[in-house]
Amino acid sequence: MALFLFVLLIAVVFGFVGALVKGLLWLLIIGAVLFVAALVLGGMHLGRGRSSRR
């Protein structure tokens with residue numbers, strides 16, 4: 001869970017810097033990709049926890 005939060009934090013920081021600095025649009029793209037990856041990994045982690053308890 002800590003890794004999920006860390007990746008999510010990095011995604012937000014990269015996205016923020018990429019949006020504020022005009023020449024660093026690639027950071028915004030990296031932030032968006034990391035955000036989606038963190039959501040997918042977090043969803044997989046939660047789904048795996050639910051199925052193993054049943």
Side-chain angles (χ1 to χ4, degrees):
M1 189 64 158
L3 180 63
F4 168 72
L5 292 175
F6 179 70
V7 171
L8 199 60
L9 179 67
I10 295 243
V12 169
V13 169
F14 278 178
F16 211 54
V17 171
L20 293 178
V21 181
K22 189 174 184 176
L24 297 179
L25 182 64
W26 56 273
L27 275 181
L28 179 60
I29 295 169
I30 291 174
V33 169
L34 281 176
F35 184 75
V36 169
L39 288 179
V40 168
L41 290 176
M44 287 174 40
H45 179 70
L46 287 176
R48 191 172 7 137
R50 287 184 187 156
S51 64
S52 65
R53 292 181 185 163
R54 287 185 177 187

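Quick caveat, the model's predicted, so the values are computed rather than measured. What's counted below: heavy atoms across the whole structure, side chains too, no hydrogens, waters or symmetry copies.
- Residues forming a side-chain contact (heavy atoms from CB on, under 4.5 Å) with Leu41 (at least two apart in sequence, or on another chain): none.
- Rounding to the nearest 0.5 angstrom, the gap separating the CG atom in Leu34 from the CD1 atom in Ile29 is 12.0 Å.
- Residue Phe6 is not grouped with residue Val12 when hydrophobic side chains (ILVMFWY) are merged at heavy-atom distances under 4.5 angstrom, including chains of intermediate members.
- The side-chain contact (heavy atoms from CB on, under 4.5 Å) check on Phe35 picks up Leu8, Ala11, Leu39, with sequence neighbours excluded.
- Phe16 belongs to a hydrophobic cluster whose remaining members, ordered by chain and number, are Leu20; membership requires side-chain heavy atoms of ILVMFWY residues under 4.5 Å apart, directly or through intermediates.
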